[in-house]
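Data block below; observations after.
Scope of the values below: all heavy atoms of this structure, side chains included, with no hydrogens, waters or symmetry mates. Values in this document were obtained by computation on a predicted structure and should not be read as measured data. Throughout, numbering of the chain's residues begins at 1 and tracks the sequence.
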Amino acid sequence: QITITPNGSGISNGSIVRITFATTRGGANYSVQLQAHSAAAADAVVHPTARTATTFEIAVRSAPSAGSTLTITWLIAGDQ
């Protein structure tokens, strides 16, 4: 689970956080399933993007409000 609290002004849609794996995966052919666990995360419509063997990013379709709390869990499946 990750909790993100955006601050400041000018928060926009797109990538908001990059997750880096402790160990390099076999490639980028894996699935990242995200589940919103807060109203702010659901309203922002969180989704994974930019998968590589070492990282993936979490992006939002709608810009979250400053000070809102986005709580998200994820599950990664495939390509070890």
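- Interatomic distance, Ile4 CD1 to Ser68 OG, rounded to the nearest 0.5 Å: 9.5 Å.
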The test is side chain to side chain contact (heavy atoms under 4.5 Å, CB included); show your working for Arg61 and Asn13 and say whether it passes.
CA-CA 5 Å; Arg61 290 197 181 128; Asn13 62 333; 5.7 Å; no

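- The heavy-atom pair separating Ala63 from Ile11 by the smallest distance is CB-O, 3.4 Å.
- Annotation: side chain of Arg25 is in contact with side chain of Ile76 (closest heavy-atom distance under 4.5 Å).
- No chain of hydrophobic side-chain contacts below 4.5 Å, direct or via other Ile, Leu, Val, Met, Phe, Trp or Tyr residues, connects Val45 to Ile72.
- Not counting sequence neighbours, the partners of Thr52 by the side-chain hydrogen bond (donor to acceptor under 3.5 Å, both in side chains) test are Thr54, Thr55.
- Take Arg18 and apply the salt bridge (charged side-chain N to carboxylate O under 4.0 Å, His left out) test, not counting sequence neighbours, and it matches Glu57.
- For the pair Arg51 (side chain) and Asn29 (backbone), a donor-acceptor distance under 3.5 Å is absent.
- In this structure, Val32 and Leu75 have side chains that are not in contact, with every pair of non-hydrogen atoms separated by 4.5 Å or more.
- The two residues Ala66 and Gly8 have their closest heavy-atom pair at CB-O, 3.2 Å.
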Worked check of side chain to side chain contact (heavy atoms under 4.5 Å, CB included) between Trp74 and Ile19
CA-CA 11 Å; Trp74 68 76; Ile19 306 297; 4.0 Å; yes

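- Nearest heavy-atom pair, Pro6 versus Leu70, reported as atom, atom and distance to 0.1 Å: CD-CD1, 3.9 Å.
- The minimum heavy-atom distance between Thr69 and Ala40, with the atom names listed, is O-CB, 3.3 Å.
- The aromatic rings of Tyr30 and Phe56 lie perpendicular to each other, with more than 60° between the two planes, well past the 30° mark.
- For the pair Leu34 and Ile58, the minimum side-chain heavy-atom distance is below 4.5 Å.
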Please report the C-alpha distance between Val17 and Ile2 in whole Å, then the side-chain angles of each, then the deciding distance to 0.1 Å, and finally whether the side chain to side chain contact (heavy atoms under 4.5 Å, CB included) criterion is met.
CA-CA 10 Å; Val17 66; Ile2 187 170; 4.2 Å; yes

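- When all heavy atoms of Ser38 and Thr71 are compared, the closest pair comes out as OG-N, 3.0 Å.
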